[in-house]
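Everything below concerns the one structure shown next.
Fair warning: this is a prediction, and the values are worked out from it, not measured in the lab. Both ligands and their constituent atoms are indexed starting at 1 by order of listing. Residue numbers run from 1 in the order of the sequence given.
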Amino acid sequence: MAYLNDNFLKLQAGYLFPEIGRRVAAFAAANPDKAPNIIRCGIGDVTEPLPMASIEAMHKAVDDQAKAETFHGYGPEQGYAWLREAIAKVSYQERGVQVSADEIYVSDGAKCDTGNILDIFGHNNVIAVPDPVYPVYVDTNVMNGNTGDAREDGSYEGLVYLPCTPENGFVPDVPTQHVDIAYLCFPNNPTGAVANYDQLKKWVDYALANDTILLYDGAYEAFVTDGSTPTSIFAIPGARKCAIEFRSFSKQGGFTGVRCGYIVIPAELTAKDAKGNNVPVSKLWSRRHTTKFNGASYIVQRGAEALFSPEGQAQTRALIDHYLTNAKLLSEACREAGLNVWGGANAPYVWVQTPNGMGSWEFFDKMLEEALVVITPGAGFGAHGEGFFRISAFNSRANVEEVCRRIKALLA
Ligand SMILES: *Cc1c(COP(=O)(O)O)cnc(C)c1O
């Protein structure tokens, strides 16, 4: 007899995006004449081609594999040094943030990393998650047995939820109790909120005082363009003693289908073993990574490296600017339609309050049926997302302009 990990059976059946897919498919099947005009602003996937510098580097890397002299087999599990050095230099050191190449672990994406990191932590931690939140943090804790059962509203026993509300600008306050691990994500998915220096410093001070480890998801850092918002948790003094940072090339370089990300674990970061000794977190992650992962593809790492060349940087900037302009247009249209709007600056997501207190799934159906626009209902990201919806700015300009017209017409 083989037994299953019963923790998986605690997971809520209707995961957000399958449910959206089901409703869109049902509407399209019942309305074949309207189906071709549906515009999807739901799932946060990029739409535009990759920077050409990256494409050229990957073509060249494929050719490298055709000749014995330039062929690459298994690479270092941690990632090629040339990629880690480029990341450390351009993404951190040139911005005055201390991170060295040997603190960086290259992977096939931040989704896997944010889930896999739980392998190295014990099951007796008190874990805090923002609400609303990127569902991966919660579901991977459920799978790992770090929670109790699901409640009626979709939340889980045993997790500490940090409400993100209009009152705190969707930047969660530090917990009023002790927690061992806390997830943070800025610029935020789904709310588009960014945390300023003082807000992050409060979190770092809390973490240092409470021996908390911050799991900081910076997947959208490249969208920060205002010059004052920190792009890394390590820009805050003391963060090297209390934080792990997750990064991805998915949204920055359009790599959602190419797959490459990385994680930064500072040398100083420690956590306790069962005997109460402080052990470097990087030691366990390195052991895990080299045992369960055989490195990101050589071709993909060459593509990622090219994003740091001067041409790659300029092309990445243009790609990000395209999405940021979309976000600005969508925010303006929602405001003109009389809605309350957050996010949409330094982030590719616009977070909007539903009109007249409508439920977020109710408004999802209305947008789909009457405007032929797919949005993401806030309730899918947590109980505090109820009454809000997310519009993704990952789209072509023509689609975004059309969505703006339709929102204004719908609510006129
Ligand atoms: C898109 C996204 C990621 C990136 O995931 P990849 O696996 O690198 O594609 C990570 N965190 C959040 C919050 C995201 O929205």
Side-chain angles (χ1 to χ4, degrees), residues 15-17 20 40-48 50 54 79 83 87 91 104-118 128-141 162 164 170-172 182-195 214-224 231-233 243-264 289 293 295-297 300-301 303-304 307 316 319-320 323-324 327 343-344 346-351 375-376 378 380-382 385 390-395:
Y15 179 70
L16 174 61
F17 292 107
I20 291 175
R40 288 173 174 75
C41 296
I43 295 186
D45 193 1
V46 298
T47 55
E48 305 305 297
L50 274 69
S54 190
L83 175 56
I87 295 168
S91 270
I104 295 170
Y105 299 79
V106 175
S107 72
D108 58 355
K111 188 190 210 180
C112 320
D113 284 340
T114 53
N116 290 335
I117 196 73
L118 294 174
V129 291
D131 176 13
V133 72
Y134 180 52
V136 176
Y137 314 150
V138 173
D139 288 359
T140 53
N141 272 290
L162 307 169
C164 302
F170 297 95
V171 175
Y183 289 83
L184 291 175
C185 172
F186 296 110
N188 189 261
N189 176 12
T191 68
V194 293
L214 304 178
L215 300 180
Y216 191 85
D217 187 339
Y220 296 94
E221 64 82 24
F223 289 79
V224 172
T231 56
S232 166
I233 190 68
I244 294 175
E245 183 157 281
F246 300 86
R247 290 269 186 98
S248 171
F249 296 107
S250 283
K251 318 298 163 37
Q252 172 182 354
F255 269 44
T256 54
V258 176
R259 311 302 310 141
C260 196
Y262 59 94
I263 161 172
V264 177
H289 198 64
F293 187 63
S297 133
V300 164
Q301 290 191 65
L307 296 174
T316 300
L319 186 61
I320 301 278
Y323 294 127
L324 283 173
N346 297 306
Y349 297 117
V350 183
W351 186 247
I375 46 142
T376 317
F381 298 104
R390 185 190 79 175
I391 312 181
S392 162
F394 291 120
N395 225 317

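Protein heavy atom nearest atom 2 (C) of ligand 1, with residue, atom name and distance: Lys251 NZ, 2.5 Å. Summary of contacts: the protein heavy atom closest to atom 5 (O) of ligand 1 is Lys111 N, 3.5 Å. Among all protein heavy atoms, the one lying closest to atom 9 (O) of ligand 1 is Ser250 OG, 2.6 Å. Of the protein's non-hydrogen atoms, Asp217 OD2, 2.7 Å is the one closest to atom 11 (N) of ligand 1.
Taking distance alone, with nitrogen or oxygen atoms compared against 3.5 Å, Ser248 approaches ligand 1 more closely than that limit. On a distance-only criterion, Arg259 and ligand 1 share at least one N/O pair closer than 3.5 Å.
Rounded to the nearest 0.5 Å, atoms CD1 (Ile320) and CG (Asn346) are 11.0 Å apart.
Taking the six-membered ring for Trp and the full ring otherwise, the centers of Tyr349 and Tyr220 sit less than 6.0 Å from each other.
Relative orientation of the His289 and Phe293 rings is tilted, given thresholds of 30° and 60° on the angle between their planes.
Of the heavy atoms in Tyr220, only side-chain atoms (C-beta onward) come closer than 4.0 Å to ligand 1. Residue Ala110 touches ligand 1 through backbone and side chain together, judged by heavy-atom distances below 4.0 Å.
The minimum heavy-atom distance linking Val136 with Thr140 is given by the pair O-OG1, 2.8 Å.
With ligand atoms numbered from 1 in the order given, ligand 1 contributes 7 (O), 8 (O) to contacts under 4.0 Å with heavy atoms of Gly109.
The closest side-chain heavy-atom distance from Val258 to Ser297 is not below 4.5 Å. With a 4.5 Å cut-off on side-chain heavy atoms, Tyr262 and Leu83 do not count as touching.
At least one donor-acceptor pair under 3.5 Å links the side chain of Tyr323 to the backbone N or O of Glu48.
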